[in-house]
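Just so we're on the same page: letters track the sequence lines, and every chain starts at 1.
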Amino acid sequence: MLILHCPFCGPRDHSEFLYGGDARRTRPAPDDADGARWHDYVFLRDNPRGTHVEHWQHIHGCRAWLTVTRDTVTHEILAVTAARPAAAAGDGR
Amino acid sequence: MPPKSQMSEYSVLSLLREGLTGHTGWPRAWRDPAPKAEYDTVIIGGGGHGLATAYYLAKNHGITDVAVLEKGWLGGGNVGRNTTIVRSNYMIPGNTEFYEFSLKLWEGLSQDLNYNVMVSQRGQLNLVNGQAQLDAAARRGNVMRANGIDAELLTPAAVRRRVPFLDFSPAARFPIYGALYQPRAGTVRHDAVAWGFARGADRRGVDLIQNCEVTGFRIERGRVTGVETTRGTIGARRVGLAVAGSSGQVAALAGLRLPIESHVLQAFVTEPLKPLLDYVIGFGAAHFYISQSDKGGLVYGGDLDGYNSYAQRGNLPLIEEVASAAASLMPCVSRLRQVREWGGIMDMSMDGSPIIAATPVDGLYLNAGWCYGGFKATPASGWCFAHTIATGRPHELNARFALDRFRAGAHIDEKGAGPTPNAH
Ligand SMILES: Cc1cc2nc3c(=O)[nH]c(=O)nc-3n(C[C@H](O)[C@H](O)[C@H](O)COP(=O)(O)OP(=O)(O)OC[C@H]3O[C@@H](n4cnc5c(N)ncnc54)[C@H](O)[C@@H]3O)c2cc1C
Ligand SMILES: [Zn+2]
């Protein structure tokens, strides 16, 4: 079991969370008409072996989206923060 | 290269002779050559797909100046880790014909390779657990039959005659509404597939180089001219990449970013039993499948663990989930001991379908995105990848498996899950 330290709920089993994938992709602006940028955003991945920054949602807890830094070889969790900066600052609850 | 005669042909006669002389006369099944400075074609990855590609390059195209470079040992990757199921019950154009061609190749493969890969067409029952699923199964079966593929929709009674030990009770958690049955589906001995293709390629002159990891590419003016490896630089006019779970990593060495994520998939085996399960069963309610190996163990698996991973081992929640699916489908398994579990790294593509195609680098070809279904594809994948490398153009069977199909909107999304690789 991976243990994710949710900043709101404390240490919880990863089975309480939904995996949201790579958090380092940047979504083009909604009115960006460039198909190539949308293609890269939606379909391409760095898929690193080692440190991966990824989203998890605490669906069986506070339901917040979190940003997790994890090693894809050892599965070690290196950091967990709230995905929304406002929530991280403590005024987003 | 040792003389051809030393590479003996396997036959009933040779088996008898060796049986009578203590099995001391078998020659090694393939050579262990040092890499040459240069080859016409280099294949990266000594899994099922890389070895099959080398075999068909030699056999179908007469291209024998070929090396297969494997970072570990032949067959140590997914080809030796899968649950050995082969079938051709696909519904989307592109997949349907390709997987059926593969099943036809399996049917003649032992003779073709002169190597018993133990093809067992025991039939697969894909169970249906609801009315909507029954309609979907009927439609899938019709698509298969319209393409000349065997498929039968079975009633619950017909399912029960074949596998009476499933939970048919009125209180069953997942009532059985029937099954889509493919009689020609079954299992193939996975290690034998790696070894058979390896021996077949070696006998046609291909060099199989183990303990040789590719660490970089030589690319001059947009064209590949060779690879850097832990055993030195090896020149090549053409390079084929077939490294399954490592696809993203190795492609990045050539400057490519792929529509692929790497995820771990586990498999499990119980203590051996007397013959119990004569079919392969796919369970529609949960993602779960099970068959019985020739040694007697029940071999089964389910979903991916669900997060990016390069660790060839899985996690406990999935073990629990798969075990509970097993017990709700086949209550009699609940008292069995599970003796082993292991994991393999899956190259999960963005639409669940593979890529067999040229890349933006001239002379570099890609075979990837097999998700957890690439074992059944092994012979057709090798056949089509060899054709693509040899002629520079895709075979009609892999024309849709292009790398740029996502850009073109031509996805082959059998499950309709969208670009969420952990859901395919
Ligand atoms: C648990 C599990 C169950 C499965 N069940 C089924 C099933 O029932 N039916 C089915 O059809 N499919 C199944 N699959 C999927 C199937 O096994 C794979 O899709 C298929 O084996 C992948 O192709 P391959 O055999 O060439 O891969 P591999 O055997 O993984 O070959 C890739 C090779 O590339 C080598 N390599 C990697 N990087 C480098 C490098 N830099 N230099 C040199 N070599 C390198 C690796 O060492 C490896 O040997 C399953 C997979 C798993 C893990
Ligand atoms: Zn929480």
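Contact tally against chain B (heavy-atom pairs below 4.5 Å) for Gly21(A), Ser15(A), Pro48(A): the top residue is Pro48(A). The most heavy-atom pairs under 4.5 Å with chain A, out of Ser309(B), Gly248(B), Ser247(B), come from Ser309(B). Heavy-atom pairs under 4.5 Å with chain A were tallied for Pro421(B), Gly418(B), Pro259(B); the largest tally goes to Pro259(B).
The contact between Leu258(B) and chain A is made entirely by backbone atoms, counting heavy-atom distances below 4.5 Å. Both the backbone and the side chain of Asn308(B) come within contact range of chain A, each with at least one heavy atom under 4.5 Å from a heavy atom of that chain. No part of Leu18(A) comes within reach of chain B, as not one of its non-hydrogen atoms sits under 4.5 angstrom from that chain. Heavy atoms closer than 4.5 Å to chain B are found in both the backbone and the side chain of Asp46(A). Looking at Glu261(B), the atoms closer than 4.5 Å to chain A (heavy atoms on both sides) sit in the backbone and in the side chain alike. Heavy atoms closer than 4.5 Å to chain B are found nowhere in Trp38(A), neither backbone nor side chain.
Gln338(B) and Thr270(B) share no donor-acceptor pair across their side chains, judged by distance under 3.5 Å alone. Using modelled atom types, one finds no donor on one side chain facing an acceptor on the other under 3.5 Å when comparing Asp71(A) with Tyr310(B).
Both tests hold for Arg25(A) against Tyr41(A): distance to the six-membered ring centre under 6.0 Å, angle to the ring axis within 45°.
A salt bridge links Arg218(B) to Glu228(B): one of the charged nitrogens lies within less than 4.0 Å of a carboxylate oxygen. One finds no salt bridge joining Asp22(A) and Arg45(A) here, because no Lys/Arg side-chain nitrogen approaches an Asp/Glu carboxylate oxygen to under 4.0 Å.
Trp370(B) approaches Asn367(B) most closely through the heavy-atom pair NE1-OD1, 2.6 Å.
Once rounded to the nearest 0.5 Å, the distance linking CZ of Arg257(B) with CD1 of Ile260(B) reads 12.5 Å.
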